[in-house]
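Here's the structure we're looking at; comments come further down.
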Amino acid sequence: MPTIHVTGREGEEKAITVDNGISVMEAIRDNGFDELLALCGGCCSCATCHIHVDESWKAKLPEMSEDEDDLLESSDHRDEFSRLSCQIEMSDDLDGLKVKVADED
């Protein structure tokens with residue numbers, strides 16, 4: 001079971017162990033990070049699950065879809081490490097992934 005290292009908006013850090021096949025959004029939301037709203041429930045239509053991926057992990061993630069890119073365009077907090085956590089599926093290859101919950105727009 002892979003582990004995700006999550007930093008919340010206030011700087012609190014937590015390592016969470018998750019099942020393969022769930023999204024990073026589900027993992028964060030279900031493990032006590034209430035600031036990750038995830039209003040659309042993971043169907044890539046709202047951008048309220050915006051995270052920043054640690055630089056060392058960026059190249060290891062799947063390519064961003066056009067829909068994800070379009071949604072992130074609306075964020076004032078987007079940077080080169082921005083992703084929607086609902087679009088990243090956990091696997092053993094992502095064991096140790098480091099992310100930070102993005103500031104709310």
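Fair warning: this is a prediction, and the values are worked out from it, not measured in the lab.
Here the closest heavy-atom approach between residue Ser75 and residue Asp105 is recorded as OG-OD2, 2.8 Å.
Counting heavy atoms of neighbouring residues, nucleotides and ligands inside a 6.0 Å radius, atom NZ of Lys100 exceeds 12 of them. For Asp34, the CG atom sits in a loose shell: 12 or fewer heavy atoms of surrounding residues, nucleotides or ligands are nearer than 6.0 Å. For CD of Glu73, the number of neighbouring non-hydrogen atoms (other residues, nucleotides, ligands) closer than 6.0 Å is greater than 12.
Under 3.5 Å, the side chains of Asp54 and Ser56 contain a donor-acceptor pair of N or O atoms. Side-chain polar atoms of His50 and Ser82 form a donor-acceptor pair below 3.5 angstrom.
Between Glu13 and His5 there is no side-chain heavy-atom pair separated by less than 4.5 Å.
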message: The test is side-chain contact (heavy atoms from CB on, under 4.5 Å); show your working for Lys60 and Asp93 and say whether it passes.
response: CA-CA 8 Å; Lys60 299 173 186 175; Asp93 292 339; over 6 Å; no

- request: Give the intermediate values and the outcome of side-chain contact (heavy atoms from CB on, under 4.5 Å) for residues Val99 and Ser85.
  value: CA-CA 9 Å; Val99 303; Ser85 58; over 6 Å; no

task: Could you walk me through whether Glu35 and Glu10 pass the side-chain contact (heavy atoms from CB on, under 4.5 Å) test, one step at a time?
output: CA-CA 10 Å; Glu35 67 259 31; Glu10 301 299 318; over 6 Å; no

- request: Test side-chain contact (heavy atoms from CB on, under 4.5 Å) on Ile51 and Val6 and set out the steps.
  value: CA-CA 10 Å; Ile51 58 170; Val6 181; over 6 Å; no

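Note on Ile28 and Leu37: separate hydrophobic clusters, where clusters join Ile, Leu, Val, Met, Phe, Trp and Tyr whose side-chain heavy atoms are under 4.5 Å apart, directly or indirectly. Under a hydrophobic-cluster definition in which Ile, Leu, Val, Met, Phe, Trp and Tyr are linked whenever side-chain heavy atoms come within less than 4.5 Å, directly or via other members, Phe81 and Leu36 are assigned to different clusters. The cluster map of Ile, Leu, Val, Met, Phe, Trp and Tyr, joined by side-chain heavy atoms under 4.5 Å apart, puts Leu84 and Phe33 in different clusters. Both Ile88 and Ile22 belong to a common hydrophobic cluster when Ile, Leu, Val, Met, Phe, Trp and Tyr are linked at side-chain heavy-atom distances under 4.5 angstrom. Both Val101 and Met90 belong to a single network of hydrophobic side chains, linked directly or stepwise wherever heavy atoms of I, L, V, M, F, W or Y lie under 4.5 Å apart.
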